[in-house]
Amino acid sequence: RTIKFCFAVSPASLRFLWYLYYLPMLFVPLCAVFISILLGKGEHYRLKRRKWCLILPTVFLLIMVLTNDRHQWVFRFPGGSVWSDADYSYGAAYFFVFGYIILCSFAALGIMIKKCRIPQEHKWIRLPFVPLAITVIYSILYISGAQWLRLIAGDMTVFECMTFIASFESCMICHLIQTNVGYEKMF
């Protein structure tokens with residue numbers, strides 16, 4: 001982000017740096033799935049090969065975004081103008097990218113809830129869904145082009161990464177992710 005706004009000058013480099021925003025947007029939800037799979041496992045547990053295959057669709061979607069200039073399946077640019085993030089529309093592949101991000105997000109939370117040791121009727125168990133629901137609503141409004149939203153919270157990558165942090169924090173509050181507690185009593 002810093003390179004894009006402070007150092008990059010050519011439209012092509014600005015556009016490619018914009019495409020790179022999708023690196024964390026795709027891999028943070030995948031990491032959430034891996035974290036949820038690893039919860040409750042021993043220190044020496046390693047993911048099975050078939051679970052590592054989850055990387056393949058993520059890499060494929062990232063490559064599709066990064067090569068968008070060749071096919072314009074993710075972002076479409078009007079003819080006769082400089083291609084930039086100031087004037088574009090979404091292609092069909094963008095909705096696969098968006099759907100994959102949402103799928104990984106809810107899959108990670110679902111796996112955590114399935115592994116949960118606290119009773120399912122616990123009222124706080126719904127708390128982690130709040131940041132994810134906010135992310136979905138924000139993304140839909142952002143994709144629809146709501147200008148007021150772009151003024152308030154215009155950086156989709158930062159917003160989505162922050163809501164993932166909030167989701168993980170709420171999972172710790174709900175004890176879906178076990179943490180060390182009781183330090184005050186110990187000391």
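For the ring-ring contact (aromatic ring centres under 6.0 Å, His included) test, residues two or more places apart in sequence or in another chain that qualify with Y22 are F75. In terms of the side-chain contact (heavy atoms from CB on, under 4.5 Å) criterion, residue partners of L109 (sequence neighbours excluded) are, by chain and number, I113, P128, F129, L132, C171, L176.
Between F168 and M112, the shortest heavy-atom distance links the atoms CE2-CE, 3.6 Å. The two residues N68 and W73 come nearest to each other via the heavy atoms OD1-N, 3.3 Å. In terms of heavy-atom proximity, I101 sits nearest to E160 at CG2-OE1, 4.0 Å.
Environment of CE in M172: crowded, with over 12 heavy atoms of neighbouring residues, nucleotides or ligands closer than 6.0 Å.
Screening residues 19-28 for salt bridge (Lys or Arg N to Asp or Glu O under 4.0 Å) gives no qualifying pairs among residues at least two apart or on separate chains. Each salt bridge (Lys or Arg N to Asp or Glu O under 4.0 Å) pair with one or both residues in residues 62-78, not counting sequence neighbours, appears once here: R15-D69.
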Acceptor/donor pairs from residues 48-62 side chains to any protein atom, 3.5 angstrom cut, sequence neighbours excluded:
{"unit_1": "T58", "atom_1": "OG1", "unit_2": "L54", "atom_2": "O", "d": "3.3"}
{"unit_1": "T58", "atom_1": "OG1", "unit_2": "Y100", "atom_2": "OH", "d": "2.5"}

Name each donor-acceptor pair under 3.5 Å that joins a side chain in residues 89-98 to protein atoms two or more places apart or in another chain, with its distance.
{"unit_1": "Y90", "atom_1": "OH", "unit_2": "Y88", "atom_2": "OH", "d": "3.3"}

Can you list, pair by pair, the side-chain donor-acceptor contacts under 3.5 Å of residues 29-40, counting residues two or more places apart and other chains?
{"unit_1": "S36", "atom_1": "OG", "unit_2": "A32", "atom_2": "O", "d": "3.3"}
{"unit_1": "S36", "atom_1": "OG", "unit_2": "V33", "atom_2": "O", "d": "2.7"}

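The closest donor-acceptor contact from the side chain of S144 to the backbone of L141 lies under 3.5 Å. For the pair T67 (side chain) and I63 (backbone), a donor-acceptor distance under 3.5 Å is present.
Residues L20 and L17 meet the side-chain proximity criterion, which asks for heavy atoms closer than 4.5 Å. F159 is not listed as a side-chain neighbour of L149, based on a closest heavy-atom distance of 4.5 Å or more.
In this structure, CG in L127 is found 8.5 Å from OG in S167, a value given to the nearest 0.5 Å.
By the rule that hydrophobic residues join a cluster once side-chain heavy atoms approach within less than 4.5 Å of another member, L103 and I137 end up as members of separate clusters.
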